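All of these numbers come straight from a predicted model, not from anything done at the bench.
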Amino acid sequence: MLAICPLISLPRGAARRVDTSPPIAVFHTDDGEILAIDDTCTHQDASLADGWLDGCRVECPLHASTFDLRTGAVDAPPAKRPVRTHRVVIEDGTIHVDLDDATDLPPDVRNRLAAEGSA
């Protein structure tokens, strides 16, 4: 489990990029849910934490693909592949993320990590 930040430091409607390898994005929805997904859009290399949060969906800031934060499913093209989701646990007022394994990464992310020696 990776400790992200105190819950009180991530207000509702906000997102935080976490520089793991690969990066993840943690979202605090307006309804109070804390959800985590891979931060990189599966269409092109754009940070989803920089996107627009609408309920339990995030819109990529580059080409407007949208992803369901609960399932990782693509809701609008041009992206075709889902993003990975990660389990979130709030413990002692701190957000923790249980990172999924890195076996199903988009090709551009997998190639970049391999070049960096991380995959």
Side-chain angles (χ1 to χ4, degrees):
M1 288 277 231
L2 179 65
I4 304 301
C5 65
L7 178 59
I8 61 171
S9 70
L10 185 64
R12 289 182 184 216
R16 176 170 293 192
R17 177 184 164 92
V18 181
D19 288 322
T20 55
S21 187
I24 61 169
V26 180
F27 297 87
H28 192 169
T29 69
D30 288 331
D31 292 333
E33 286 187 83
I34 307 293
L35 300 160
I37 61 172
D38 279 354
D39 185 51
T40 307
C41 179
T42 57
H43 173 246
Q44 278 194 323
D45 197 9
S47 171
L48 295 174
D50 291 338
W52 296 274
L53 185 60
D54 183 19
C56 284
R57 290 178 168 64
V58 63
E59 180 179 322
C60 176
L62 196 55
H63 294 114
S65 291
T66 60
F67 297 90
D68 185 307
L69 296 175
R70 291 183 182 138
T71 66
V74 177
D75 291 334
K80 295 179 182 170
R81 292 177 42 113
V83 292
R84 294 179 312 147
T85 60
H86 305 281
R87 187 172 69 93
V88 175
V89 174
I90 310 299
E91 188 174 280
D92 297 326
T94 300
I95 300 169
H96 297 269
V97 175
D98 188 9
L99 297 176
D100 191 4
D101 65 18
T103 58
D104 190 28
L105 295 171
D108 60 324
V109 175
R110 190 172 41 246
N111 293 340
R112 184 179 31 150
L113 291 175
E116 294 171 358
S118 300

Novice: In Å, rounded to the nearest 0.5 Å, how long is the span from NE2 of H86 to CD1 of I4?
Specialist: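 It is 9.5 Å, given to the nearest 0.5 Å.
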
Novice: When you group the ILVMFWY residues by side-chain heavy-atom contacts below 4.5 Å and let the links chain together, are V26 and I90 in the same group?
Specialist: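 Looking at the clustering, V26 is in the same group as I90.
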
Novice: Shortest non-hydrogen contact from S65 to P77?
Specialist: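 Closest approach of S65 to P77: OG-C, 3.4 Å.
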
Novice: Tell me the closest heavy-atom pair linking P6 and S9, and the distance in Å.
Specialist: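 Closest heavy-atom pair between P6 and S9: O-OG, 2.8 Å.
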
Novice: Give the table of side-chain donor-acceptor pairs shorter than 3.5 Å for residues 49-64, with sequence neighbours excluded, one pair per line with atom names and distance.
Specialist:
from	atom 1	to	atom 2	distance (Å)
R57	NE	D75	OD2	2.5
H63	ND1	H43	ND1	3.3
H63	ND1	Q44	OE1	3.4

Novice: Is it the case that one hydrophobic cluster holds both V74 and L69, taking links as side-chain heavy atoms less than 4.5 Å apart, direct or via other members?
Specialist: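 Yes, it is one cluster - the side chains of V74 and L69 are joined through contacts under 4.5 Å.
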
Novice: Under the 3.5 angstrom rule, does the side chain of D38 hit a backbone N or O of I24 as a donor-acceptor pair?
Specialist: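 Side chain of D38 to backbone of I24: no pair is present.
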
Novice: Heavy atoms, side chains only, cut-off 4.5 Å: are D98 and V89 in contact?
Specialist: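 Not touching, per the 4.5 Å side-chain cut-off.
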
Novice: Are any of the side-chain heavy atoms of H28 and R16 separated by less than 4.5 Å?
Specialist: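 Of all side-chain heavy-atom pairs linking R16 with H28, none is under 4.5 Å.
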
Novice: Heavy atoms only: give me the nearest T42-P82 pair and the separation to one decimal.
Specialist: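 In terms of heavy atoms, the two residues are closest at CG2-O, 3.2 Å.
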
Novice: What distance separates L48 CG from R17 CZ, expressed to the nearest 0.5 Å?
Specialist: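 That separation rounds to 9.5 Å.
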
Novice: I want to check something: taking the side chain as every heavy atom from C-beta on, are I95 and L10 in contact at a cut-off of under 4.5 Å?
Specialist: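 Yes, their side chains come closer than 4.5 Å.
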
Novice: Considering residues at least two apart in sequence or located in another chain, which fulfil the side chain to side chain donor-acceptor pair (under 3.5 Å) criterion with R70?
Specialist: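 Per chain and number, R70 pairs via side chain to side chain donor-acceptor pair (under 3.5 Å) with E33.
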
Novice: Linking I/L/V/M/F/W/Y whenever any side-chain heavy atoms sit under 4.5 Å apart, do I37 and L35 land together?
Specialist: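 Linked within one cluster.
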
Novice: Where do F67 and G72 come nearest, in terms of heavy atoms and distance?
Specialist: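 Nearest heavy atoms, F67 then G72: CD2-O, 3.8 Å.
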
Novice: For residues T94 and A3, report the shortest heavy-atom separation together with the two atoms involved.
Specialist: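 For T94 and A3, the tightest heavy-atom pair comes out as CG2-CB, 4.3 Å.
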
Novice: Could you grab the distance from atom CD of E91 to atom CG of L7, nearest 0.5 Å is fine?
Specialist: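 E91 CD to L7 CG: 13.0 Å, rounded to 0.5 Å.
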
Novice: Atom CZ of R81 and atom SG of C41: how far apart are they, to the nearest 0.5 Å?
Specialist: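 SG of C41 is found 11.5 Å from CZ of R81.
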
